[in-house]
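Throughout, a chain's letter reflects where its sequence line sits, starting with A, and its residues are numbered from 1. What you are looking at is a predicted structure, and each value in this text was computed from that prediction instead of being measured.
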Protein chains: 2
Amino acid sequence: MDVHTAAETGTRARTRRAILDAAVTVLTADPAAALADIAAAAGVGRTTVHRYFPERAELLTALSKHVWDQVVEATHRARLDEGTAAQALGRLCQEYFDLGTVLTLVFNDPAQAETWDECSPTDLAVLDLIGRGHRDGTIDPAFSAAWVRDLLWALLYSAWQQSTTGQVSRHDALDACLRALRKVIAP
Amino acid sequence: MDVHTAAETGTRARTRRAILDAAVTVLTADPAAALADIAAAAGVGRTTVHRYFPERAELLTALSKHVWDQVVEATHRARLDEGTAAQALGRLCQEYFDLGTVLTLVFNDPAQAETWDECSPTDLAVLDLIGRGHRDGTIDPAFSAAWVRDLLWALLYSAWQQSTTGQVSRHDALDACLRALRKVIAP
DNA sequence: TACTAGTGGAACATCGATGTTCCACTACGG
DNA sequence: CCGTAGTGGAACATCGATGTTCCACTAGTA
């Protein structure tokens, strides 16, 4: 069957996906959740989880990669090199926001820090974008690139917080997030 | 001896304090850390930890209260009713920043959420302060009170992040944090 | 000096999460 | 209809964290 090299068959891919999605949901709520909880959330048996990810660490690694791939895609969709840097940063903010609380998972997990490499191409692209904003005058040079990047994440975290606790609609949360971002980076 | 009602003797108070401080440090780095790690960090035996906090949950509760007390004190020191609301919010930001990463602990712990009551007097005082800012014209009314409060935490988180990773000095991190805060809330 | 509070460590029992094995069941394509 | 991929569940072994008990040690103090 050569399962390892070829793409997995439909059923297997679907089950694998279901487990990863459930893991995102459950682990976001409780990073120390047991595999049994994840299996239940995915609607599969605990045995099946072990069939796809023999060890917990492997599930976490795959999960990290799963989320990471989404980040790379989202960053790509934001077309960082089009328009002014401030506009591109706004698009990036929207794209990341759509990924949901997923990101807080890997973002806060110290064990997966190596996967979330600060020097990854994506992170560098974001820093470059902010540097471009410093030069094209659409981002306040008084704030360092690293600070603006961290600020972006912090604002997203707040926005997710607001929309999760149910006080605010997703749309309003994103709107406030974008307005705050623009105000801060405005030169 | 009536240990329970009277204040604890010097030695006991000191040991208790050492355990709580160590717990803050260790649990901030890894929320799932074992009691043995906390004991080691505190420089006491694991048995001693159990002597002060028979169950892990009791340690977490005491820890939460420990941190919470610091927040209440910091809020008080910020003298929220003096000067303009924007000035007071700046002072509050500084006071909270000085508490360090301690706050991210309770802030992120879902199990301790009830202690961190959203409707606590302190939280209400902060929301009132922002409301005052809306009226006295020093805080942009386009941002709701809850959003500004969450924003404050988000900025603090970023600032701590920056100063922890060692790229930026504590002073510079706080400075950037305050400047960002002022820019966002400026009407 | 003797007494006591406080401590550290060894040893043990317990519990929950993890990982493994095995078997029965179901869906599905030949 | 039969064989196979995929699955669920029971049962078991293991491991680490937790909680408990007991005893020996040390620093103060009457």
Side-chain angles (χ1 to χ4, degrees), chain A residues 1-64 105 109-112, chain B residues 1-64 66 105 108-112:
Chain A
M1 259 315 207
D2 208 359
V3 180
H4 299 86
T5 58
E8 290 185 314
T9 165
T11 309
R12 282 192 66 86
R14 215 178 318 126
T15 306
R16 187 187 158 90
R17 185 62 176 259
I19 294 173
L20 286 176
D21 287 344
V24 168
T25 307
V26 174
L27 291 181
T28 299
D30 174 17
L35 293 186
D37 299 334
I38 298 174
V44 303
R46 192 170 68 91
T47 316
T48 301
V49 174
H50 277 97
R51 234 172 238 126
Y52 285 79
F53 310 98
E55 295 187 4
R56 183 189 175 90
E58 292 189 37
L59 172 60
L60 295 184
T61 303
L63 188 59
S64 188
L105 246 192
D109 189 358
Q112 301 294 324
Chain B
M1 262 315 209
D2 210 359
V3 179
H4 299 87
T5 57
E8 291 185 313
T9 165
T11 309
R12 283 193 66 87
R14 216 178 317 126
T15 304
R16 187 187 157 90
R17 185 62 175 260
I19 294 174
L20 285 176
D21 287 343
V24 168
T25 307
V26 174
L27 292 180
T28 299
D30 175 17
L35 293 186
D37 298 335
I38 298 174
V44 303
R46 192 171 67 92
T47 317
T48 302
V49 173
H50 278 97
R51 233 173 239 125
Y52 285 79
F53 309 98
E55 296 187 5
R56 184 189 175 91
E58 293 188 38
L59 172 61
L60 295 184
T61 303
L63 188 60
S64 188
H66 182 62
L105 245 192
N108 287 327
D109 188 359
Q112 302 293 324

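- D:dG28 atom P lies 17 Å from atom CZ of B:R12, rounded to whole Å.
- Proximity of B:T15 to the phosphate of C:dT7: a side-chain N or O atom is located under 4.0 Å from OP1 or OP2.
- Taking both residues in full, the closest heavy atoms of B:F53 and B:R16 are given as CE2-NH1, 3.6 Å, listed atom of the first, atom of the second, then distance.
- For the pair B:R12 and B:Y52, the cation-pi criterion (under 6.0 Å, within 45° of the ring axis) is fulfilled.
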Is there any protein nitrogen or oxygen under 3.5 Å from a nitrogen or oxygen in nucleotides 8-18 of chain D, and what are the pairs?
residue, atom, partner, partner atom, Å
D:dG8, OP1, A:G43, O, 3.4
D:dG8, OP2, A:G45, N, 2.8
D:dG8, OP2, A:T48, OG1, 2.3
D:dG8, O6, A:R51, NH2, 3.0
D:dG9, N7, A:T47, OG1, 2.8
D:dG9, O6, A:T47, OG1, 3.4
D:dT18, OP1, B:R56, NH1, 2.4
D:dT18, OP2, B:L35, N, 2.8

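- Taking 4.5 Å as the limit, some side-chain heavy atom of B:T48 sits within range of a side-chain heavy atom of B:R51.
- Summarising the geometry, atom CD1 belonging to B:I19 is positioned 10.0 Å from atom CG belonging to B:L35; distances are rounded to the nearest 0.5 Å.
- Looking at B:I38 and B:T25, their side chains never come closer than 4.5 Å, going by heavy atoms from C-beta outward.
- A:T15 places a side-chain N or O within 3.5 Å of a backbone atom of A:T11 that can act as its donor or acceptor partner.
- To the nearest angstrom, C1' of D:dG28 lies 12 Å from CZ of B:R14.
- Proximity of B:Y52 to the phosphate of C:dG6: no side-chain N or O atom is located under 4.0 Å from OP1 or OP2.
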